[in-house]
Peer 1: 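Got a structure here, written out as structure tokens. Questions coming.
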Amino acid sequence: MDYDFQAIEQRWKAQWKADDAYRVDEDTTRPKFYVLDMFPYPSGAGLHVGHPLGYIASDVFARYKRHQGFNVLHPMGYDSFGLPAEQYAIQTGQHPAITTETNINRYREQLEQMGFCYDWTREVRTSDPQYYRWTQWIFGQLFESWYDMEADKARPISDLVAALESDGLGQVEPACDSKWWETLSDEVRAPWGEEFAGKLSAKHWNQCSEADKSQILMAFRLAYLADSEVNWCPALGTVLANDEVKDGLSERGGHPVQRKRMRQWIMRISAYASRLISDLDDLDWTDSIKEAQRNWIGQSQGAEVQFQVAETNQQLDVFTTRPDTIYGVSFMVLAPEHPLVPEITAAAQKDAVEQYQLAASLKSERERQGAGEQKVTGCDTGAFAAHPMTGKPLPIWIADYVLAGYGTGAIMAVPAGDERDWKFAKTFGLPIPPIFEGKDTDETVFTEKTATLCNSESLNGLSSQDGIPAAIAILESKGVGTKQINYRLRDAVFSRQRYWGEPFPICYEDEIPRLIKDKQVTLPKVDAYLPTEEGEPPLARAQKEDWNVFEGDRMEYNTMPGWAGSSWYFLRYMDPHNNSTFCSREKSDYWGQVDLYIGGAEHTTGHLLYSRFWTKFLFDHDWIGFNEPFKQMINQGMILGRSSFVYRIQGTEKFVTFERRKEFQTQRLHVDINFVEGDKLDTDAFRKWRPEYANAEFVLGEDNTYTCGFEVEKMSKSKFNVQTPDDLVERYGADTLRCYEMFLGPLTQHKPWDTQGISGVHNFLRKTHRLFEGATDAKPDEASLRILHKTIKKVTDDLNRHAFNTVISALMIGVNELLDSKGSQSELLQPLAVLLSPVAPHLAEELWDKSGGNGSVMDASWPASEEKWLTADRITYPVSFNGKVRFQLELDATMNPKEVEDVALNHEKTIAQIEGKTIRKVIVVPGRIINIVAV
RNA sequence: GCGGGUGUGGUGAAAUUGGUAGACACGCUGGAUUUAGGAUCCAGUGCCGCGAGGCGUGUGGGUUCGAGUCCCUCCACCCGCACCA
């Protein structure tokens, strides 16, 4: 009988459903294994063949681990809040929940069709109030926490309040902005005096009103409200986090982004910067992702140094990684936006400075970041700072190349040792004090750390390695500087001016935010999904009675960003229906970290960083027992599409075939790959595609056909090159699709999609089916047993190293060889069905059943390869001369190297090869190779 | 510029510890069979050469009895970061 994949797949899918075969429960008698796929956003387009690649790999591994006796958690759910559904709502007025539901149903259908072993009873959706109440709860906990730098962990805000009441800020060191008090209103600060520099006393704290205290605490909360420069995207009508902006454009949609000062909820992720870097070391992730995270966090060690501005009591703080070069400082540079600029600028320079500032502010983010060559620009403020060591006056300039957002927004310029400072000094004729022995820094800048310092008083003769700590010691003893670690990572904006996201459990009284703890706030209904006329977010449209909870004067109008719900979803899968906590400690202790996380590499600096941050936060409060979410991660490569093109002769409705396109002025247009078979265009289908092509004419090739051009590029709707899994499953079955996607090549590599190869894999499954047709209870012969055990070993080894493509090859070889050796005995076939089951579960179940297996193949234990069938009696040695293989020699496996050598040397072909030469050396690698060196 | 990665037949690729380069497939060529079907089977297929043989893993060098694999040089492409003080 033929391989009727449709009947087989339908039958077993139904059976598994009836048996609840994918249901998992906690079971302390078995070891656990947690395999997770990255959370999909259910888009309207459904899945294309690229999406399931990772899902198939994780499913294969989950099934393999189950065979090995692990209790495997393998869940799936949806990151179902997000922009596309909301954009659609804006256009059509349809509630995003409806769009989302429709899309999820489509996803679910596609996922089930491919036979994934997800435990659907654990499905989560971030837009479900039962889920997001816990996202809101975690936000609330972040709001009610501060970061204790000494203990290096988050603690309840009540601890900080207690400390403030008894000792003020004297005994505790909370993570905060270096000048946290500057964000407070003047009334709050007034009693503390002009000279206040952060040492808030208990007395002052206790004198504050409740409103004042709330303002002060805001400076220390892990989720806080603050005015800050944000990335505002007018086209999307919302702010974006740094990781959502690429080259000054929004990652989604590519719209321009501006800087704007806005009051926003912010997450103090910077408090975790150091742990987010150091804990990377123990993760089994690719170096490139770990490196990208280190880069993004951007740790640099150095010193903060204070410079006194002459004739004022103002002080300039700068951060430097090279405090050893302090004697080489000849000027200072501030960012044009630096708050001190207006205060210190000399009267004579006022106009020039203001002009420069204006010019800088008019430049877009993109221009500021300088796409290409950087021109050196700057402007003298006319003010001077005193060198902290020598007291010498240093001119203070402003310039674009100093960024307001990094460090303190000001630098001490050391032209001898810094490329940009050097160029700046050369451009504006500023001095370049030589500070490196034997280096003419007037000629070229010397940026390496290898030189010996000179003209640097007590630092003379020191290398940079010794000079840095020495310089810091001097600075500290003079009270003009401290050792400091600086990070590039900024706190993450957590507000979005959007409708389709988690509402904040926050209300305002006299504009003071208050956390609503006793009731869950759900999304209110609104009359439109657009901002109000006053520019308030859509939620501001909701009337008082539209809110299920309305407290204070008003509710918070912002919603949370997409990454809120996805930062902790892997925990909810462990305990998805818990109504009293986000995830019970008992469950999270059992399931623990994700053992294997599979997904794309596009979440490097967003999701992966944020979920690490939230995990550490939950760990600090002892609500979970681990501080990293994902122990091992594999990033699957993209499956690229093969786009087809037609060539329209400019200004006409004529299309010219690929071969003759050069004869005309043409425009290359994407054409739907559904009209193209083997690069030949179905011209009738093309005419019917769009009204404007109805009268299309074609300039054909010699064979009277229209040939399309092609290119391999990213699969996308707009390129009309999307291949969906649906019709492939229809034509070849889910098992074939699963095997084919695995067979394409290494999981982590990018590869073009090409359906031509699919027949080979389908054929393999048919052959496998045929092998089982002749199942008997007879005793298998030795040769067949060898084939089986070789296959068991290869498949097992390859699965362990996640080499899924060679798993398929190994099974192909095994089946081909067993067909040749007539190895159709149940004793061989049953283990073979188990080997097949991770990659082709439906067929494996059918064959397991046919070959007399008990129960479901899914619960059969993984076969072990037996050593005795792996070692052969005879070995075929390649015999090489000077490294080049000349002939084969079949020898007894028991022969020792000396015996092998003797046989090889006396072989007639050897004698022929070495004729006229002397043998210098003979190398025999037992079981491997014989190499004879002769000259 | 810095960091990470990848270069192997016509194509996707394999070679796990330095040990027969191209397994397994696709495609192609020839043949068989068949109710011309996107079916099946057999043989061949890295390149050059009729052949013996020679040459072959981006380039050039090195280590080694032996290098796709290790070391150095350069090139190409992909990804990330990018005036980061």
Side-chain angles (χ1 to χ4, degrees), chain A residues 2 246-247 286-296 298-300 302 318-322 325 333 335 368-371 373-376 399-403 405-414 417-421 423-424 486-488 601-602 604-605 635 637-638 677 731-732 739-740 743-746 748-764 766-767 770 794 797-798 800-801 803 805-814 816 876-888 920-934:
Chain A
D2 238 20
K246 290 259 176 322
D247 301 323
T286 61
D287 286 339
S288 76
I289 295 236
K290 290 208 255 186
E291 211 36 51
Q293 288 219 348
R294 285 193 195 102
N295 235 307
W296 188 260
Q299 187 183 61
S300 45
V318 304
F319 174 75
T320 176
T321 55
R322 294 293 302 273
T325 62
V333 189
R368 278 289 291 271
Q369 285 173 9
E373 280 304 290
Q374 270 110 38
K375 280 199 309 269
V376 181
D400 248 357
Y401 83 86
V402 176
L403 306 175
Y406 184 75
T408 60
I411 61 151
M412 57 177 223
V414 183
D418 182 279
E419 182 88 42
R420 293 147 306 160
D421 296 349
K423 274 194 195 151
F424 196 80
N486 200 36
Y487 297 95
R488 197 183 81 104
E602 66 273 17
T604 313
T605 46
N635 304 109
M638 214 187 333
E677 187 88 44
R731 262 161 62 180
Y732 298 101
C739 288
Y740 184 56
F743 184 67
L744 272 180
T748 54
Q749 244 164 61
H750 290 199
K751 51 220 152 205
W753 179 257
D754 176 11
T755 44
Q756 288 195 303
I758 206 165
S759 63
V761 172
H762 186 64
N763 213 3
F764 150 65
R766 295 182 51 211
K767 283 197 223 169
R770 202 192 323 148
K794 175 77 176 150
D797 289 352
D798 287 355
N800 286 336
R801 64 189 177 101
N805 52 331
T806 51
V807 166
I808 308 290
S809 317
L811 288 169
M812 285 175 169
I813 295 168
N816 286 343
T876 306
Y877 279 95
V879 183
S880 59
F881 294 83
N882 301 331
K884 295 202 183 294
V885 176
R886 292 300 168 199
F887 66 93
Q888 315 286 322
R920 284 285 164 80
K921 203 170 183 179
V922 180
I923 285 135
V924 175
V925 183
R928 284 274 185 197
I929 199 171
I930 301 163
N931 189 20
I932 297 165
V933 186

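Every chain is numbered from 1 and lettered A, B, ... according to where its sequence line falls, protein lines coming before strand lines. Side chains included, hydrogens not; waters and symmetry mates left out as well; all remaining heavy atoms used.
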Peer 1: Do A:Arg294 and A:Glu291 have side chains that get closer than 4.5 Å, going by heavy atoms?
Peer 2: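 Result yes, sub-4.5 Å side-chain heavy-atom pair found.
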
Peer 1: Please tell me which of the listed nucleotides, B:C65, B:A25, B:A85, lies nearest to the side chain of A:Val933?
Peer 2: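 Nearest nucleotide to the side chain: B:C65.
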
Peer 1: If I take atom NZ in residue A:Lys423 and atom C1' in nucleotide B:G1, what distance separates them, rounded to the nearest angstrom?
Peer 2: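 Result: 10 Å.
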
Peer 1: Tell me: CG of A:Asp754 to P of B:G10, nearest whole Å?
Peer 2: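 A:Asp754 atom CG is separated from B:G10 atom P by 17 Å.
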
Peer 1: Please state the C1' separation for the pair B:G68 and B:U16 - nearest whole angstrom.
Peer 2: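 Looking at atom C1' only, B:G68 and B:U16 are 14 Å apart.
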
Peer 1: Just so I know, are the side chains of A:Ile930 and A:Ile932 near enough to count as touching, which here means a heavy-atom distance under 4.5 Å?
Peer 2: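 A side-chain contact exists here, since the closest heavy-atom pair is under 4.5 Å.
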
Peer 1: Expressed as a whole number of Å, how far does the P atom of B:A39 sit from that of B:U29?
Peer 2: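 To the nearest whole Å, 15 Å.
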
Peer 1: Going by the glycosidic torsion and a 90 degree boundary from 0, is the base of B:G56 oriented syn or anti?
Peer 2: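 Here B:G56 takes the anti form, which means its glycosidic angle is more than 90° from 0.
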
Peer 1: Give a yes/no answer on whether the side chain of A:Arg928 brings an N or O atom under 4.0 Å of OP1 or OP2 in B:G18.
Peer 2: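 Answer is no, no contact under 4.0 Å.
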
Peer 1: Counting only side-chain heavy atoms from C-beta out, which of B:A14, B:G3, B:C41 sits nearest to A:Lys767?
Peer 2: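 Of B:A14, B:G3, B:C41, B:C41 is nearest to the side chain of A:Lys767.
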
Peer 1: Distance alone, cut at 3.5 Å: any donor-acceptor contact between the side chains of A:Ser300 and A:Tyr406?
Peer 2: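 Their side chains do contain a donor-acceptor pair, which is all the 3.5 Å distance test asks for.
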
Peer 1: Rounded to the Å, how far apart are A:Asn635 CG and B:G80 P?
Peer 2: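 To the nearest whole Å, that distance equals 13 Å.
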
Peer 1: Does A:Asn882 use its side chain to pair, donor to acceptor, with the backbone of A:Ala934 at less than 3.5 Å?
Peer 2: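 Looks like yes, one N/O pair under 3.5 Å.
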
Peer 1: Quickly work out the A:Met638 CE to B:C79 C1' distance and round it to whole Å.
Peer 2: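 Atom CE in A:Met638 sits about 9 Å away from atom C1' in B:C79.
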
Peer 1: Hey, is the side chain of A:Arg488 poking within less than 4.0 Å of OP1 or OP2 on B:A82, counting only N and O atoms?
Peer 2: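 Checking B:A82 against A:Arg488, a side-chain N or O does come within under 4.0 Å of OP1 or OP2.
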
Peer 1: Looking for any heavy atom pair under 4.0 Å, which part of the strands does A:Ser288 touch: base, sugar-phosphate only, or nothing?
Peer 2: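 A:Ser288: backbone/sugar contact only, no base atoms under 4.0 Å.
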
Peer 1: Strictly distance-based, threshold 3.5 Å: is any side-chain N or O of A:Gln888 a donor or acceptor partner for the main-chain N or O of A:Val879?
Peer 2: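 No, A:Gln888 side chain to A:Val879 backbone: no donor-acceptor pair under 3.5 Å.
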
Peer 1: Can you identify which nucleotide, out of B:C24, B:A85, B:G19, has its nearest atom closest to the A:Ile929 side chain?
Peer 2: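 The nucleotide sitting nearest to the side chain is B:G19.
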
Peer 1: With heavy atoms under 4.0 Å as the rule, sort A:Asn931 into base, sugar-phosphate or nothing.
Peer 2: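 The residue A:Asn931 makes base contact.
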
Peer 1: Within the structure, does a side-chain N or O atom of A:Gln749 lie under 4.0 Å from either OP1 or OP2 of B:A13?
Peer 2: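 For B:A13, OP1/OP2 do have a side-chain N/O of A:Gln749 under 4.0 Å.
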
Peer 1: Determine the Euclidean distance between corresponding C1' atoms of B:A21 and B:A67; express it in Å to zero decimal places.
Peer 2: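 Result for the C1' pair: 11 Å, nearest Å.
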
Peer 1: With a 3.5 Å limit on both atom pairs, tell me what B:U11 is paired to, counting Watson-Crick and G-U wobble, or say none.
Peer 2: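 Pair assignment: B:U11 / B:A25.
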
Peer 1: For the side chain of A:Ser759, counting heavy atoms from C-beta on, which of B:G27, B:U16, B:A85 is nearest?
Peer 2: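 Of the candidates, B:G27 comes closest.
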
Peer 1: Out of B:U20, B:C83, B:A39, which nucleotide sits closest to the side chain of A:Asp400?
Peer 2: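 Nucleotide nearest to A:Asp400's side chain: B:C83.
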
Peer 1: Among the candidates B:C83, B:G19, B:G27, find the nucleotide nearest to the side-chain atoms of A:Ile923.
Peer 2: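 So the nucleotide nearest the side chain must be B:G19.
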
Peer 1: Using a cut-off of 4.0 Å on non-hydrogen atoms, how would the nucleic acid contact of A:Asn805 be classed: base, sugar-phosphate, or nothing?
Peer 2: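 If one applies the 4.0 Å heavy-atom cut-off, A:Asn805 turns out to touch the sugar-phosphate alone, with no base involved.
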
Peer 1: Find the partner of B:U33: check Watson-Crick (N1-N3 plus N6-O4 or O6-N4) and G-U wobble (N1-O2, O6-N3) distances, both under 3.5 Å, and reply none if neither fits.
Peer 2: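 Partner of B:U33: none found under 3.5 Å.
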
Peer 1: Would you say the side chain of A:Asn805 lies within less than 4.5 Å of the side chain of A:Leu744, judging by non-hydrogen atoms?
Peer 2: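 Not touching, per the 4.5 Å side-chain cut-off.
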
Peer 1: For A:Tyr732 and B:A39, what is the distance between atoms OH and P respectively, to the nearest whole Å?
Peer 2: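 The answer, rounded to whole Å, is 8 Å.
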
Peer 1: For B:C74 and B:G61, measure between their C1' atoms and round to the nearest Å.
Peer 2: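 Looking at atom C1' only, B:C74 and B:G61 are 10 Å apart.
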
Peer 1: What integer number of Å spans the C1' atoms of B:G18 and B:U69?
Peer 2: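 The answer is 7 Å between these two C1' atoms.
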
Peer 1: Could you state the CZ-P distance from A:Arg886 to B:G66, rounded to the nearest angstrom?
Peer 2: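 Those two atoms, CZ and P, are 15 Å apart.
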
Peer 1: Just to be sure I understand the rule, does A:Tyr877 reach a base, reach only the sugar-phosphate, or reach nothing, if contact means heavy atoms closer than 4.0 Å?
Peer 2: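 Contact class for A:Tyr877: none.
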
Peer 1: Does A:Lys751 contact B:U11 through a side-chain donor or acceptor facing the base, at a distance under 3.5 Å?
Peer 2: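 Looking at the base of B:U11, it does not pair with any donor or acceptor on the side chain of A:Lys751 (distance under 3.5 Å).
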
Peer 1: For nucleotides B:U33 and B:C41, find the distance between their C1' atoms and express it as a whole number of Å.
Peer 2: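 The answer is 8 Å between these two C1' atoms.
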
Peer 1: In terms of side-chain geometry, is the basic nitrogen of A:Lys794 or A:Asp798 positioned less than 4.0 Å from the acidic oxygen of its partner?
Peer 2: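 Salt bridge between A:Lys794 and A:Asp798, a charged N being under 4.0 Å from a carboxylate O: yes.
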
Peer 1: With a sphere of 6.0 Å drawn around CZ of A:Arg928, does it hold more than 12 non-hydrogen atoms of other residues, nucleotides or ligands?
Peer 2: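 No, the 6.0 Å shell around CZ holds no more than 12 heavy atoms from other groups.
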
Peer 1: Between B:A76 and B:G54, how many Å separate the two P atoms, rounded to a whole number?
Peer 2: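 Looking at atom P only, B:A76 and B:G54 are 35 Å apart.
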
Peer 1: If you measure from the C1' atom in B:U63 to the same atom in B:C78, how many Å do you get, rounded?
Peer 2: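 That atom pair is separated by 31 Å.
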
Peer 1: Does A:Pro752 or A:Ser880 map to a spot on RNA chain B nearer the 5' end, using the closest nucleotide for each?
Peer 2: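 Looking at the nearest nucleotide for each, A:Pro752 comes out on the 5' side.
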
Peer 1: May I ask you to evaluate whether A:Asn763 reaches the phosphate of B:U40, defined as a side-chain N or O under 4.0 Å from OP1 or OP2?
Peer 2: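 So the side chain of A:Asn763 is within the cut-off, an N or O lying under 4.0 Å from OP1 or OP2 of B:U40.
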
Peer 1: Hunt down the Watson-Crick or G-U wobble partner of B:C74, both distances under 3.5 Å, from any strand shown, or write none.
Peer 2: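 Partner of B:C74: B:G58.
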
Peer 1: Under 4.0 Å between a side-chain N or O of A:Arg770 and OP1 or OP2 of B:U40?
Peer 2: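 No.
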
Peer 1: Check this for me: does the side-chain of A:Asn295 come within 3.5 Å of the base of B:C81 through a donor and an acceptor?
Peer 2: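 By the distance-only test, no, there is no pair.
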
Peer 1: Please determine, for the side chain of A:Glu291, which listed nucleotide (B:A85, B:G3, B:A15) has the closest atom?
Peer 2: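 Output: B:G3.
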
Peer 1: Starting from the 5' end of RNA chain B, give me the residue, A:Gly757 or A:Gly883, whose nearest nucleotide shows up first.
Peer 2: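 The residue whose closest nucleotide sits nearer the 5' end is A:Gly757.
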
Peer 1: Would you say the side-chain atoms of A:Asn931 pair up with the backbone N or O of A:Gly883, donor to acceptor, closer than 3.5 Å?
Peer 2: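 Judged by distance alone, yes, a pair lies under 3.5 Å.
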
Peer 1: Between the base of B:U11 and the side chain of A:Gln756, is there a donor and acceptor pair under 3.5 angstrom?
Peer 2: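 Between B:U11 and A:Gln756, which were checked side chain against base, a qualifying N/O pair under 3.5 Å is absent.
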
Peer 1: Please state how far atom CZ in A:Arg294 lies from atom P in B:C84, giving the value in whole angstrom units.
Peer 2: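 So the two atoms are 20 Å apart, to the nearest Å.
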
Peer 1: Given that both distances must come in under 3.5 Å, which nucleotide forms a Watson-Crick or G-U wobble pair with B:G1?
Peer 2: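 Base-paired to B:C81.
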
Peer 1: Taking OP1 and OP2 of B:A25, is either one under 4.0 Å from a side-chain nitrogen or oxygen of A:Asn816?
Peer 2: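 For A:Asn816, the contact criterion (side-chain N or O under 4.0 Å from OP1 or OP2 of B:A25) is met.
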
Peer 1: Expressed in angstrom and rounded to an integer, what is the separation of A:Ile758 atom CD1 from B:A13 atom C1'?
Peer 2: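 Spelled out: CD1 on A:Ile758 to C1' on B:A13 is 17 Å.
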
Peer 1: From the options B:A25, B:C65, B:A21, select the nucleotide whose nearest atom is closest to the side chain of A:Val885.
Peer 2: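 Closest nucleotide to the A:Val885 side chain: B:A21.
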
Peer 1: Think A:Ser300 has a side-chain N or O under 4.0 angstrom from the OP1 or OP2 of B:A85?
Peer 2: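 Yes, such a contact exists.
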
